[in-house]
Amino acid sequence: ADGKTFLPINSITIDSVNPNENATIRTYDFDIGEGEFRYVKIIATKLGVLPEWHLGYKHDGRSWIFIDEITID
């Protein structure tokens with residue numbers, strides 16, 4: 001309610017180390033139960049150094065996270 005104190009509702013780990021150069025669309029659903037909520041905090045951690053097979057490894061070798069859309073119903 002205050003934008004500073006958050007309660008965890010769920011945590012997922014996405015296996016992103018498998019060789020794949022294609023964009024992926026994934027949907028994840030979380031059941032937060034009953035109640036009124038004003039703020040949502042999402043924490044995403046990038047891979048770090050890219051694996052050697054990755055197309056971007058030879059350039060700067062750092063990974064990125066791109067999140068296009070978050071829907072809250």
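Values below: every heavy atom of this structure, side chains too, minus hydrogens, waters and symmetry copies. The structure presented is a predicted model; accordingly, all values stated were derived computationally and were not measured.
There is a path of hydrophobic side-chain contacts, each under 4.5 Å, that joins Ile70 to Val40.
The side-chain contact (heavy atoms from CB on, under 4.5 Å) search around Val49 returns Tyr57, not counting sequence neighbours. Residues passing the side-chain hydrogen bond (donor to acceptor under 3.5 Å, both in side chains) test with Thr5, sequence neighbours excluded: Asp2.
Separation of atoms CG (Leu50) and NZ (Lys58) is listed at 12.5 Å; rounding is to 0.5 Å. Note that CD1 of Ile42 is 13.0 Å distant from OH of Tyr28, once rounded to the nearest 0.5 Å.
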